[in-house]
Each structure stands twice: as structure tokens, then as C-alpha cells.
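What follows is a set of notes on a single structure, which appears directly below.
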Amino acid sequence: MESGVVAANNNNYESKTTSTITIKGILSLLVESIDENCDGGSKRVISLGMGDPTLATCFHTPKVVEEAVAATLQSHKFHGYAPTAGLLQARIAIAEYLSRDLPYQLSSDDVFITCGCTQAIDVSVAMLARPSANILLPRPGFPIYELCCAFRGVEVRHYDLLPEKGWEVDLDAVEALADQNTVALVIINPGNPCGNVYSYHHLEKIAETAKRIGTIVISDEVYGHLAFGEKPFVPMGVFGSVVPVLTLGSLSKRWIVPGWRLGWFVTNDPSGTFRKPKVVERIKKYFDLLGGPATFIQAAVPQIIAHTEEVFFKKTIDNLRHSADICCKEIENIPCIFCPYKPEGSMAMMVKLNLSLLEDISDDIDFCFKLAKEESVIILPGTAVGLKDWLRITFAADPPALGEGMRRIKSFYQRHARKL
């Protein structure tokens with residue numbers, strides 16, 4: 001999922017209007033900007049910019065998951081093509097897994113296997129694209145949506161998330177932005193990049209708002225169940241009887257296997273809107289164009305879901321909570337950045353950059369490139385996710401590295417602090 005777009009110039013760090021490079025691209029530029037001939041060259045690079053938990057030693061893929069994939073591969077039964085919608089046993093398993101948290105039962109017909117959640121995003125936009133269509137996207141958000149909309153000729157309209165309200169959706173803005181050509185309202189829960197988790201009550205209001213404006217909800221739940229605050233994770237599909245919901249998700253984050261690219265596109269629609277013959281046929285035909293994940297990985301999904309123990313999930317949640325606590329505590333000692341909302345889920349958080357306290361930093365991109373060059377610490381400029389002069393910090397990291405990285409940011413601030 002870490003492939004959204006932003007434009008940046010590695011020479012002057014200026015952001016541009018046109019999206020030209022990926023988030024991975026700007027992170028690569030940040031790494032390249034580290035000056036090995038300066039002080040930074042002697043420091044180990046600490047990356048707090050990429051949402052890949054496999055980079056940290058404290059997050060481990062369960063052995064049972066690896067054994068399940070090894071078994072399907074060594075069975076020699078899954079070397080061929082899978083059906084375009086995905087292996088039936090995988091679709092059944094995912095339907096049963098998601099139905100645990102719903103007031104109704106999903107079937108395999110509601111589930112389509114995708115190559116990671118990124119492909120699920122592209123499918124959802126492609127399915128809804130038509131002349132004059134527009135989609136409502138959160139700001140800040142995940143920029144791959146903008147890229148997919150650009151390729152499909154779909155207009156993007158941004159609504160704000162409200163940091164003072166725990167990054168809740170500005171529902172008044174949603175209603176003001178929508179018109180007869182609005183085809184979807186996108187939410188990300190748990191939130192990337194903000195680390196928020198929506199309450200049942202707020203999700204209910206989102207569903208009612210979407211119904212009122214006559215559109216569906218696309219619910220990006222790639223961080224599903226990675227909630228470690230007071231609010232539990234509630235899937236948007238709970239409100240599928242109020243408004244049709246497309247749920248996008250994957251094994252990537254919860255099972256710590258982002259490189260396996262096993263995602264899903266699911267119709268949560270007990271009222272049957274997505275079961276109309278023309279809609280079903282359109283979805284099926286589009287999947288005929290796609291290539292899904294490796295067949296042997298799909299074949300392992302039933303065993304992966306059935307045999308992963310709850311203790312593994314709990315350990316992941318405990319690690320994330322601990323890392324988020326470390327990050328927030330260190331931020332309190334860095335005057336130029338402020339966290340308006342302590343993260344309660346996912347693996348990242350947004351912090352506000354106070355440029356008035358800095359002497360020679362022009363914006364968030366300038367901050368991140370100079371930080372990388374001088375301190376060998378990589379964080380993502382907020383411009384990359386739609387919020388200028390903010391920063392996204394990924395806290396899914398080993399605690400010692402996270403603490404050291406935050407202390408280097410403090411040293412960077414002290415060196416660039418405006419003289420009073």
C-alpha cells in the first residue's frame with residue numbers, strides 16, 4: 001500500500017501540483033540525500049517513513065502462516081492459474097473471517113481476491129468510473145486513490161479530516177462537496193496516515209450521510225483490527241444495510257506479510273445493490289483482465305486464517321501500543337512538532353510542523369530532506385499525503401531505533417531553532 005504519489009524535486013525540495021513520483025520514490029530520494037561525507041554518514045539510517053512492519057525485528061510473521069504457504073507450495077497442486085475472482089476456498093475463508101464482525105453473513109460471491117489492497121483500490125475506482133464522475137477522498141489520505149482516479153478520468157474532491165476531533169470525517173464538508181455525479185465516499189479505518197480509529201457512532205453517521213447524498217462507501221480497512229486505544233475496530237460493513245459498502249483489505253498488515261500481496265475486494269450489501277446482473281457482470285469482466293496473487297498463497301489462506309493464534313495478534317497490538325507511546329513521549333521534547341491526537345491504531349501518525357520555531361526550514365519537504373541529510377532519519381513530508389507542513393511518522397519500528405530516531409529529530413531541531 002505504500003505507493004501513493006507526490007511530486008518533489010531533490011535539488012530544491014519544492015512540491016509541485018502535478019503528481020509525478022510515488023511515496024516510495026520520495027522515500028528513496030530522501031535516502032539518497034543522506035550525505036555520507038558528513039556527520040550523517042557515520043550514523044545508521046533510521047527509517048520512520050515506510051509502513052512495512054517486516055523492517056522491524058519486533059514484528060514477526062507467525063510460523064503457522066509460513067508453514068501453510070510452504071505446504072500448499074510443496075503439495076504441487078497450486079502451480080497453475082487461479083480463477084480470476086480467486087480460489088474458491090480462499091474466498092470462502094475470507095467471507096467467513098469478515099462475517100465474524102458483521103450482523104449478516106457474507107458469501108464467497110461477495111469476495112474477490114486482489115493483488116494486495118492497492119489493486120483493490122484500483123478495481124473500486126475502475127468499477128465506478130464514468131463520464132463526469134467524482135469521488136470524495138479524505139485529506140490527509142493515501143495518495144494512490146488520486147493516482148487511480150487520474151488514470152480513470154474520475155474527478156477527486158477532498159474533504160478534510162478534523163485533527164481536533166480525532167481525525168473524524170468533516171461530514172458537513174462531505175455534504176457540501178457531493179452532487180449527482182458523486183459515485184463514492186472513501187474512508188480509511190483504522191487511519192493511514194493519522195492513526196485514528198472511528199467509533200461505531202461516527203461510522204453510523206458516515207453511513208447515514210452517504211445514504212443521504214446517494215452514494216456508496218469505499219472502506220479501506222487494510223489496517224483492520226490494528227486498534228490499540230479505547231475504541232475497538234468496527235468494520236464499515238456493519239452498516240451495509242444502511243448504505244452499500246465496498247470493503248478493501250488484505251493480509252499484509254495484520255499478519256505482517258505485505259510482500260505476499262494477498263488482498264480482497266468485498267461487497268457488503270445485504271440489500272442487493274451489487275447483486276444486480278449488470279453490476280455483477282461488470283465486476284467479473286474486469287477481474288478477467290487482472291492477475292491476482294500467486295495461486296499457492298491463495299490456497300494457504302484458509303489455514304492462515306483458521307490457525308493463527310490470538311496471542312500473535314495480541315503481541316502485535318501490544319508492540320504497536322508501546323511504540324506509539326514512545327513516539328508520543330519523545331515528541332513532547334521536540335518543540336517544533338506537535339501531535340494533536342495520540343494514535344489509537346494502524347502504524348503511523350501525523351504531527352504538525354511549527355515553522356515559526358525554525359530558522360532555515362521553508363516547509364515540510366525541506367525539513368525532511370535536511371533531516372535525512374544531517375541525521376540519517378527518514379520521515380515522510382505531509383505534502384505526500386495531502387497536508388502541507390505536517391509530517392507522517394511511522395512508529396511500527398523497533399523501540400530502540402524509534403527512540404534514537406526521535407532524539408536525532410530533537411538534535412536537528414536544536415541545530416535549526418530560530419534564535420530569539
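Position 1 is the first residue of the sequence, and the numbers go up from there. Fair warning: this is a prediction, and the values are worked out from it, not measured in the lab.
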Validation: residues 350-358 side-chain donor-acceptor distances under 3.5 Å, sequence neighbours left out:
residue, atom, partner, partner atom, Å
Asn354, OD1, Ser356, N, 3.1
Asn354, OD1, Ser356, OG, 2.5

Atom pairs and distances, donor-acceptor, side-chain atoms in residues 327-342, under 3.5 Å, two or more places apart:
residue, atom, partner, partner atom, Å
Tyr341, OH, Lys231, NZ, 3.4
Tyr341, OH, Glu344, OE1, 2.4
Lys342, NZ, Asp325, OD1, 2.7

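Listed by first and then second residue, the ring pair (Phe, Tyr, Trp, His ring centres under 6.0 Å) pairs involving residues 90-111 are Tyr97-Trp255 (not counting sequence neighbours). Each ring pair (Phe, Tyr, Trp, His ring centres under 6.0 Å) pair with one or both residues in residues 177-214, not counting sequence neighbours, appears once here: Tyr198-His202, Tyr200-Phe239. For residues 53-78, the set of pairs meeting the ring pair (Phe, Tyr, Trp, His ring centres under 6.0 Å) definition, not counting sequence neighbours, comprises His76-His79.
Within the 3.5 Å criterion, the main-chain N or O of Ala401 finds no donor-acceptor partner in the side chain of Asp398. At least one donor-acceptor pair closer than 3.5 Å links the side chain of Gln298 to the backbone N or O of Pro293. Checked by atom type and distance alone, the side chain of Asp364 pairs as donor or acceptor with a backbone atom of Asp389 at under 3.5 Å. Looking at Thr273, its side chain never comes within 3.5 Å of a backbone N or O of Asp269 through a donor-acceptor pair. At distances below 3.5 Å, at least one donor-acceptor pair connects side-chain atoms of Thr72 with backbone N or O atoms of Phe296. Using a distance-only test at 3.5 Å, with no hydrogens or angles considered, a donor-acceptor pair links the side chain of Thr215 to the main chain of Val183. For the pair Arg392 (side chain) and Gly49 (backbone), a donor-acceptor distance under 3.5 Å is present. Asn268 contributes no side-chain N or O that, together with a main-chain N or O of Pro244, makes up a donor-acceptor pair within less than 3.5 Å. Side-chain N or O atoms of Ser323 include none that pairs as donor or acceptor with a backbone N or O of Leu320 at under 3.5 Å. Checked by atom type and distance alone, the side chain of Arg91 pairs as donor or acceptor with a backbone atom of Val111 at under 3.5 Å.
The shortest distance between side-chain heavy atoms of Leu226 and Phe313 does not fall below 4.5 Å. Between Val280 and Phe274, every side-chain heavy-atom pair lies at or beyond the 4.5 Å cut-off. Between Val217 and Leu246 the shortest side-chain heavy-atom distance does not fall below 4.5 Å. With a 4.5 Å cut-off on side-chain heavy atoms, Pro193 and Met349 do not count as touching. With contacts defined as side-chain heavy-atom distances shorter than 4.5 Å, the pair Arg139/Tyr159 does not qualify. Using a 4.5 Å cut-off on side-chain heavy atoms (C-beta onward), Val385 and Pro143 make contact.
Atoms CD1 and CG, from Ile187 and Asn196 in turn, are 9.5 Å apart once rounded to the nearest 0.5 Å. Rounding to the nearest 0.5 Å gives a distance of 10.5 Å between CG of Leu102 and OG of Ser241. Atom-to-atom distance recorded for Leu248:CG and Cys117:SG is 5.0 Å, nearest 0.5 angstrom.
Note on Arg100 versus Glu96: no salt bridge recorded, every NZ/NE/NH1/NH2 to OD/OE distance being 4.0 Å or above. A salt bridge links Arg275 with Asp110: the closest approach of a Lys/Arg side-chain nitrogen to an acidic carboxylate oxygen falls below 4.0 angstrom. Here Asp318 pairs with Arg321 in a salt bridge; the nearest charged N to carboxylate O distance falls below 4.0 Å.
Note: Tyr223 and Phe233 fail the aromatic proximity criterion, with ring centroids not under 6.0 Å apart.
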> Could you walk me through whether Asp122 and Arg152 pass the salt bridge (Lys or Arg N to Asp or Glu O under 4.0 Å) check?
Replying inline: CA-CA 9 Å; Asp122 185 53; Arg152 306 295 176 186; 2.9 Å; yes
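Residues His416 and Glu374 have side chains that bring a donor and an acceptor to within less than 3.5 angstrom of each other.
Every side-chain contact (heavy atoms from CB on, under 4.5 Å) that Asn134 has, sequence neighbours left out, goes to Leu136, Glu155, Arg157, Asp179, Asn181, Thr182.
When the shell of 6.0 Å around CD of Glu309 is examined, it contains 12 or fewer heavy atoms from other residues, nucleotides or ligands.
The two residues Ala126 and Arg282 come nearest to each other via the heavy atoms O-NH2, 3.1 Å.
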